[in-house]
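To start, the structure under review is shown below, and the notes come after it.
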Number of protein chains: 2
Amino acid sequence: MSTPARKEAADWLTHAELKIHDAGLHRSTPRQKVIDLLADQDCAITALEMDQRLSGVGRATVYRAIEQLEDLGLVQKVDLGKGAQGFEKIDPSGHHHHHLVCEHCGRVQSFEDERLEKAIHRIHRRGFTVESHEITLRGRCSDCARPEPMSVSRPAPTGSRINAGARL
Amino acid sequence: MSTPARKEAADWLTHAELKIHDAGLHRSTPRQKVIDLLADQDCAITALEMDQRLSGVGRATVYRAIEQLEDLGLVQKVDLGKGAQGFEKIDPSGHHHHHLVCEHCGRVQSFEDERLEKAIHRIHRRGFTVESHEITLRGRCSDCARPEPMSVSRPAPTGSRINAGARL
DNA sequence: TATCAGATTGAGAATCAATCTCAAAATAGA
DNA sequence: TCTATTTTGAGATTGATTCTCAATCTGATA
Ligand SMILES: [Zn+2]
Ligand SMILES: [Zn+2]
Ligand SMILES: [Zn+2]
Ligand SMILES: [Zn+2]
C-alpha cells in the first residue's frame, strides 16, 4: 500500500537514518530494530511494549535508543494517561497530531485541528523559547459513556490501550 | 493578604471539604493535611514532595488522598516532563492555567491564554465526550538559552523545579 | 456519653518502570 | 586485517507507586 501515512513513515525512516549517521552513531542491528518499529507505528508506543515486541534487543538498548532519538529530535514522549509514557516519531515535515484519551478504558485516539495549531503558535512568553507542544483531551470514548452506575470497581473494557489514528 | 489567588485557594478548600463530606468520607487529620497542602499551592506539586513536607502523614495516605481527590474531580494530574507527575487543584470556577516546561532544567511556569481556550472548546469528535484538557509547551527558559556548547554532560541549573504562576 | 460498624491509617513489603554497570561483542575506518 | 570506538545486554539497582492488614479513629446512634 502507499497511503500518505505509509509514505510519511518511509520519509521518517530515511530522515532518521541520515541523522543517526550524521551524529556519528554506528548502524547496529539492535538499534535499527528499534527505529524500524517506531517507523511502523502511527501513534505512540510505550518503551516496555517495544521491549516486549523486539526479540534480540535488550531492555537497556531500547531505552538507550529512545533517548538518542529524542536527543536528535526524531521521537517525542507523549503522556498516555494513568502515568503511562509513550513515544512516537516526529515527522520532519512538522506534520503531527494530538491525543484524545479515554479516562475510563485508557484508549488513545489521535486528532488534528488546524485552528488549535494556529492558536498555539500565537503564544509567546518573553524569556521562553517554545520548541514543541503537547495537547491531550481527556474524557470518555463512546464505549465508556457516562453516567457510570455507582458500581464500586471499574471494569475497564478490553482491547488495546492505543488506537492508531482514526482521523475523525 | 487577599489576592485573587488566595481567595481561589479558600474557595477550593471549602468546595473540597464539602465534596469530601458528601462522598461520605470521614474528616481525618492526615487527609486534611494533604488537602490543606494542596490548597496552598498555586501550581503542581509531586506526590513525593507532599509526602516529604507532611510530617505525621504516611506515604500510603498521601497517595490515597490524592486518588480520592482525583476521583472527586478536585485535583488533576499534570505532566512535569522527565516522567515526573504533579498534582494541582481544580478550581470549581473552571479557571485554570497550562504549563511551560523547560526541557533543560525542568523549571515549570504557568500561563493562561484565552484564545487557546476558545480553540480547545471548539474541538468536538463524535463519540468522544471531552471532560478536560492538558496543554504543555516545551522549550527553553531564559536561563537555559540555546545553543548549548557541545559539552558532554548537562549541568542542570539549580533551583526549584516548579515555579509558581508568573503570569507573563 | 457509650457503643460499634465502617472508614482510615501507616510501616513495611511488593511491584514495576527506568537506569546503571561493565565485560564482551560489534562496527567503521585505516 | 587491525584497532580504537561504539554498542550491547544480563542482571543489579534505583526510585516511585501500590499493596497489605492489623491497629486506630470517626460519626452516627442509643
Ligand atoms: Zn499519537
Ligand atoms: Zn500541535
Ligand atoms: Zn500548574
Ligand atoms: Zn485550558
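Letters A, B, ... are given to chains in the order of the sequence lines, protein chains preceding strands, and every chain is numbered from 1. The basis for the numbers below is simple: all heavy atoms, side chains too, and nothing from hydrogens, waters or symmetry mates.
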Without swapping roles, check the side chain of B:E8 against the backbone of B:D91 for a donor-acceptor pair under 3.5 Å.
no
Side-chain ion pair, B:D11 and B:K89, N-O less than 4.0 Å:
no
Has the side chain of A:K33 got a donor or acceptor atom that lies under 3.5 Å from a matching backbone atom of A:V62?
no
Are B:K77 and A:D79 ion-paired here, with the side-chain N under 4.0 Å from a carboxylate O?
no
Of the listed nucleotides (D:dT26, D:dT8, D:dT6), which one gets closest to any side-chain atom of A:H26?
D:dT6
Would you say the side-chain atoms of A:H96 and A:E88 include a donor-acceptor pair closer than 3.5 Å?
no
Mark yes or no for whether A:H124, through its side chain, and A:R122, through its backbone, hold a donor-acceptor pair below 3.5 Å.
yes
Footprint ends on DNA chain C, 5' to 3', for atoms under 4.0 angstrom from a heavy atom of chain A, come out as C:dA17 to C:dA28
Any chain of hydrophobic side-chain contacts (each under 4.5 Å) joining B:Y63 to B:L38?
no
When the distance from CZ of B:R27 to P of D:dA28 is rounded to whole Å, what number comes out?
12 Å
Just compare D:dT8, D:dG27, D:dT5 and give me whichever is closest to any side-chain atom of A:R64.
D:dT8
Distance, rounded to the nearest Å, where B:I45 contributes CD1 and D:dA16 contributes C1':
15 Å
Which residue lies toward the 5' end of DNA chain D, B:E67 or B:H21, if each is placed at its nearest nucleotide?
B:E67
If you assign A:Q32 and B:R59 each to the DNA chain D nucleotide with the nearest heavy atom, which residue ends up on the more 5' nucleotide?
A:Q32
End-to-end bend of the helix from C:dT1-D:dA30 to C:dA30-D:dT1 (five-pair axes, 10° rounding)?
30°
Using atom CG of B:D51 as one end and atom P of D:dA16 as the other, report the distance to the nearest whole Å.
10 Å
Would you kindly give the CD-to-P distance between B:E49 and D:dG15, to the nearest whole Å?
16 Å
Parallel, tilted or perpendicular: rings of A:F111 and A:H98 (30°, 60°):
tilted
Determine, using the 4.5 Å side-chain heavy-atom cutoff (strictly less than), whether A:I90 and A:L80 are members of one ILVMFWY cluster.
no
Checking D:dT7, D:dT17, D:dG27 against the side chain of A:S28 (C-beta onward), the nearest is D:dT7
Using whole Å, report how far OH of A:Y63 lies from C1' of D:dG11.
15 Å
